[in-house]
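So the structure is just underneath, and the comments pick up after that.
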Amino acid sequence: MTVYSVKQLLLEQIAVGSQVCVRGWVRTRRDSKAGLSFVSVSDGSCADTIQAVVESKLENYETEVLKLTKDCAVIITGKLVASVGGSQKVEILTDKVEVTGFVENPDTYPVSPKRHTVEYLREHAHLRVRTNLISSVARVRNSVSMVIHEYLQQNGFYWIHTPLITASDAEGAGELFKVTTLDLNNPPRNNKGHVNYKDDFFGREAFLTVSGQLNVETYCMGLSKVYTFGPTFRAENSNTTRHLAEFWMVEPEIAFADLMDDAALAQGMLKHVFKHVLNNNSDDMNFFAQFIDKTVVTRLESMVNDNFEMITYTDAIKRLENSGKKFENPLFWGVDMASEHERFLCEELIGKPTIVTNYPKDIKAFYMRQNDDGKTVAAMDILAPGVGEIIGGSQREERYDLLVKRMQEMNVPTDHLDWYLDLRRYGSAPHAGFGLGLERAVSYITGVQNVRDIIPFPRTPNNAAY
RNA sequence: GCCUCAAUAGCUCAGACGGUUAGAGCGACGGACUGUUAAUCCGCAGGUCGUAGGUUCGAUUCCUACUUGAGGCGCCA
């Protein structure tokens, strides 16, 4: 007996009349006193279920089939037939139903066949993938991840596995989680009474990485086109719909490239991702359009066909000032735009993803390339309507003297970053890159507004239960 | 970290100016009906009203603290 996925069966590539087997979890059961039950089974291979028609003559009909409730695990064997009624094209005329696991106490089973709030599902994170919403998110997240790899690989990029543990604590991207094997109740101390990290595992203070960028720049200066794709950690007490303590980030880095090359790569990659999801996850996207946000599909379609808006920081400030809109936060050249500014700019004034370039140097990181005006750096942020910043990138400062000077101005200690400076001493080349927040991108694509519902097991302040 | 809001049945919510037996929808369960598919109809069960104090003759309702959750802001991806 050949086992098929629900997706294979529904694609109509299996001949009607074939004996088939499908394994999955019951979504709904409907009984007919005409002597049969309809059992819809999902196996996660697609958004749809396959309907098994179970006749009362089966020996375990009374004892088991009539007791099936949502998420009982079953193995169904039978004949694939054209559907007599209803919306589906094919169904299984069942010969055998094997129940591998019933659901204890269906009344209190957390995932009942009704609509649940995302907040409630989040508190049952180990079971929430059995809902239409979270399983569709999981499939889209997978698609996005794989197509990012595909796009970069096809364009000659190498995937570089940068370390998750780092000693560089000065990347300027936020608070770090400390990694230690010391006994926190009784740490070794030096003669000043401070904790002596020389006795720690790495012989120095170590942290979980906040970005693979600095490391991947080294491989960029030899492999030309590289990227990181992995988890990243920020120990910030951030409580928003778009922050996680552990999240996934894609960070391409390209050599002999400037900010415009960087922006073009980012845009090309995002558009490719959007197109792929529209083509390959149409069922999932239709589900989001129906239950989450009516505009998700049309929004992505227009994104694929239309270029992003590009605007300099200076022009963005001017447009915001001239808009006549009153803002809570101060607005003048030199401020780090508040989210209300970014939102108004890309949602109201422009109405599509917006690439803002050339920010004032004082609000950006030390490694960004200084522009000739002496005031700005070659940075870019890509703002998505509804989500905000999904990409942050820049051309890197490749000139040794200017980089050292900038680090001194910004009080960035150089002692753990000699290796980074070496890149500017030995065959330095202009280069640029960006970081794409995977959860934010998937949030934008699906319309699911909280990144805690995009990652299977979200880590946020006070939450690592699963 | 700051600000705001919320917590009542398995879930989503309503409610009481403080006063006998706290309601609905969905889900679960039982039944009727039906090639059904968010089925429909009827019925039944299910609640220490988040926790701890306080005010009061009386608190689920008012007050305080705490806990948990959510949203906004900041940090950023």
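This structure is a prediction, so every number in the text was calculated from the model and none was measured. Reckoned from all heavy atoms, side chains included, excluding hydrogens, waters and symmetry mates. Letters go in sequence order (proteins before strands), and every chain restarts at 1.
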_Heavy-atom closest contact (A/Arg141 atom, A/Ile455 atom, distance)_ =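 Closest approach of A/Arg141 to A/Ile455, heavy atoms only: NH1-CA, 3.4 Å.
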*Gap separating the CG atom of A/Asp95 from the NZ atom of A/Lys57, nearest 0.5 angstrom*: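 One finds 8.0 Å between CG of A/Asp95 and NZ of A/Lys57.
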Side-chain-base donor-acceptor pair under 3.5 Å for [X] and [N]:
| X | N | answer |
| --- | --- | --- |
| A/Ser112 | B/C11 | no |
| A/Glu119 | B/U12 | no |
| A/Gln449 | B/G71 | no |
| A/His243 | B/C76 | yes |

Is [X] touching bases, backbone alone, or none of the nucleic acid, heavy atoms closer than 4.0 Å?
| X | value |
| --- | --- |
| A/Leu438 | nothing |
| A/Thr232 | nothing |
| A/Phe247 | base |
| A/Thr117 | sugar-phosphate |
| A/Ser40 | nothing |

*Are OP1 or OP2 of B/C75 and a side-chain N or O of A/Ser238 less than 4.0 angstrom apart?*
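Checking A/Ser238 against B/C75: no side-chain N or O falls below 4.0 Å of OP1 or OP2.
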*Quick one: which residue pairs count as a salt bridge (Lys or Arg N to Asp or Glu O under 4.0 Å) with a foot in residues 324-344 of chain A, not counting sequence neighbours?*
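Sorted pair list: A/Arg343-A/Glu347.
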Nucleotide nearest [X] (side chain, heavy atoms from C-beta), chosen from [options]:
| X | options | result |
| --- | --- | --- |
| A/Arg234 | B/A70, B/C73, B/A77 | B/A77 |
| A/Glu123 | B/C76, B/G69, B/A28 | B/G69 |
| A/Gln51 | B/G74, B/C11, B/U36 | B/U36 |

*asked:* Tell me whether the NZ or CZ atom of A/Arg299 lies within the 45° cone about the ring axis of A/Tyr444 and under 6.0 Å from its centre.
replied: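 Flagged: A/Arg299 positioned over aromatic ring of A/Tyr444.
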*Should the pair A/Lys364 and A/Tyr359 be classed as cation-pi, given the thresholds of under 6.0 Å to the six-membered ring centre and 45° from the axis?*
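Yes, A/Lys364 sits over the ring of A/Tyr359.
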Atom [atom1] of [X] to atom [atom2] of [N]: distance rounded to whole Å?
| X | N | atom1 | atom2 | result |
| --- | --- | --- | --- | --- |
| A/Asp31 | B/C33 | CG | C1' | 12 Å |
| A/Glu389 | B/C73 | CD | P | 14 Å |
| A/Tyr109 | B/G10 | OH | C1' | 13 Å |

_For B/U56, the Watson-Crick or wobble partner whose two distances fall under 3.5 Å_ =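 In the structure as shown, B/U56 has no Watson-Crick or wobble partner.
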*Taking the nucleotide of RNA chain B with the closest heavy atom to each, which residue, A/Ala338 or A/Thr69, is nearer the 5' end?*
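First, find each residue's nearest nucleotide; the 5'-ward one identifies A/Thr69.
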